[in-house]
Amino acid sequence: METTLISGGAGFIGSHLCDHFLNKGHTVICLDSLVTGNQKYIISKKNNKSFILIENDLTYMRLADFPQLHIDNILHFASPASPQDYMKYPFITLRAGSIGTEILLELAQKHSARFLLASTSEIYGDPTIHPQKEKYWGNVNPVGPRSIYDEAKRFAESYTMAYKRYLDLDIKIVRIFNTYGPRMRLNDGRALPNFMAQALKGKPITIYGDGTQTRSLCYITDLIDGIEGVIYTSYSDPINLGSPEEITILELAQRIKKISNSKSEIIFKPLPIDDPTKRCPEISIARKVLGWEPKVTLDEGLILSFSYFKQALSGEYS
Ligand code: UDP
């Protein structure tokens, strides 16, 4: 059976990956500093003999600090990822994308492991090409407030590709577009958790800007299936994973309001600097290479998420 190391294993996506690979019979090494991860998702697995927890900041670790067992797969998901979080933790974010990537690439080389980098649609910045294809190089402000995350991930992609080109490491890069579902932090500042919490509490739903900006939201289970597909493919160029179902932020707010039967009013606040005006993945590579596309529609996913947020707000998941 395989051993899979997941950095950021207590985070939203990382914790779903830990469960997924434990269910597949893998030994899972979960590495997380808990700066934005949630201890709850670790505690439930602590008695599982196949689950090894390293509660540490990856970027201060040496290779000798990792468990002395053979590792087959390394999935690098450690990083604050919501705009609110990465602006709150700028240096942690920059270090996770740079030093963190370096350390895990070295570890992967030592073990001849597969290395998968969790990259992001943010590397396209505020795109001038729509929808975004992997071949598009992006439109990123290298010194803007979002550059903390965008440029760290762009550097991580470059470092990862260098390991492929010069050291023949088995690498994969997934560019993850907006993803949602159970285990998102209620207070991570993203649109979906904010709208869910505001709708449930009957508080005003806060739209930044006029709400015409678009995003495409992928349900978590679809993303996990896509990531698993990528790990085992021989394709090593970046692959977009996300939903091609594009929606304006205003429409998202209205749908959440409807699903939750909320009386919250919708209010408008200033748009953050460099906020992308549109975002939607072109996923023909994922379709062709992995035979993957999202199965859960936005309406289905929102209903599933709504029950989670309702329970989370009532304290059940806090
Ligand atoms: N947004 C919003 N209200 C909120 C939070 C976010 O209108 O309470 C907007 C945000 O400005 C952006 C979009 O929703 O245009 C998606 O933001 P999110 O933080 O979810 O993630 P992003 O896609 O920007 O990384």
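Worth knowing before you read on, the calculation uses all heavy atoms, side chains too, and leaves out hydrogens, waters and symmetry mates. Ligands are counted one by one from 1 in listed order, and the atoms in each one are counted from 1 as well.
- For atom 9 (C) of ligand 1, the closest non-hydrogen atom on the protein side is Gln213 NE2, 3.9 Å.
- For atom 16 (C) of ligand 1, the closest non-hydrogen atom on the protein side is Arg215 NE, 3.6 Å.
- Taking only nitrogen or oxygen atoms, main chain and side chain alike, Gln198 does not reach within less than 3.5 Å of ligand 1.
- At least one heavy atom of Pro272 sits closer than 4.0 Å to an atom of ligand 1.
- The protein heavy-atom contact nearest to atom 1 (N) of ligand 1 is Tyr208 CD1, 3.4 Å.
- Under 3.5 Å, the side chains of Gln198 and Thr206 contain a donor-acceptor pair of N or O atoms.
- Heavy-atom proximity to Arg279, at under 4.0 Å, picks out these atoms of ligand 1: 22 (P), 23 (O), 25 (O).
- Formation of a donor-acceptor pair under 3.5 Å by the Glu282 side chain with backbone atoms of Ser284 is found in this model.
- For Tyr136 (side chain) and Thr128 (main-chain N/O), a donor-acceptor pair under 3.5 Å exists by modelled atom type.
- Remark: Arg255 fails to qualify as a cation-pi partner of Phe195 under the 6.0 Å distance and 45° angle criteria applied to the six-membered ring.
- What sits closest to atom 20 (O) of ligand 1 on the protein, heavy atoms only, is Ala191 N, 2.9 Å.
- For ligand 1 and Asn194, the ligand atoms under 4.0 Å from any heavy atom of the residue are 4 (C), 5 (C), 8 (O).
- Set against the non-hydrogen atoms of Glu122, the atoms of ligand 1 under 4.0 Å away are 25 (O).
- Ligand 1 places these atoms under 4.0 Å from at least one heavy atom of Ile249: 7 (O), 13 (C), 14 (O).
- In terms of protein heavy atoms, atom 3 (N) of ligand 1 is closest to Thr206 O, 2.6 Å.
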Derivation of the side-chain contact (heavy atoms from CB on, under 4.5 Å) call for Leu69 and Ile29:
CA-CA 10 Å; Leu69 74 168; Ile29 305 170; 4.0 Å; yes
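- For the pair Arg114 (side chain) and Ile74 (backbone), a donor-acceptor distance under 3.5 Å is absent.
- Among all non-hydrogen protein atoms, the one lying nearest atom 15 (O) of ligand 1 is Asp275 OD1, 2.5 Å.
- Each of the atoms 7 (O) of ligand 1 lies under 4.0 Å from some heavy atom of Ile207.
- In summary, Lys135 and Asp237 do not engage in a salt bridge, as defined by a charged side-chain N under 4.0 Å from a carboxylate O.
- Less than 4.0 angstrom separates some heavy atom of Asn178 from each of these atoms of ligand 1: 21 (O), 22 (P), 23 (O).
- Atom CD1 of Ile273 has 12 or fewer heavy atoms from other residues, nucleotides or ligands within 6.0 Å.
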Apply ring-ring contact (aromatic ring centres under 6.0 Å, His included) to the pair Tyr180 and Tyr219, showing each step before the final yes or no.
CA-CA 5 Å; Tyr180 71 104; Tyr219 192 65; 5.4 Å; yes
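- Under the 6.0 Å distance and 45° angle rule, Arg146 does not count as a cation-pi partner of Tyr86.
- For the ligand labelled ligand 1, residue Gly189 lies inside the 4.0 Å heavy-atom shell.
- With distances taken over non-hydrogen atoms, the option nearest atom 22 (P) of ligand 1 out of Lys269, Arg146, Arg190, Gln84 is Arg146.
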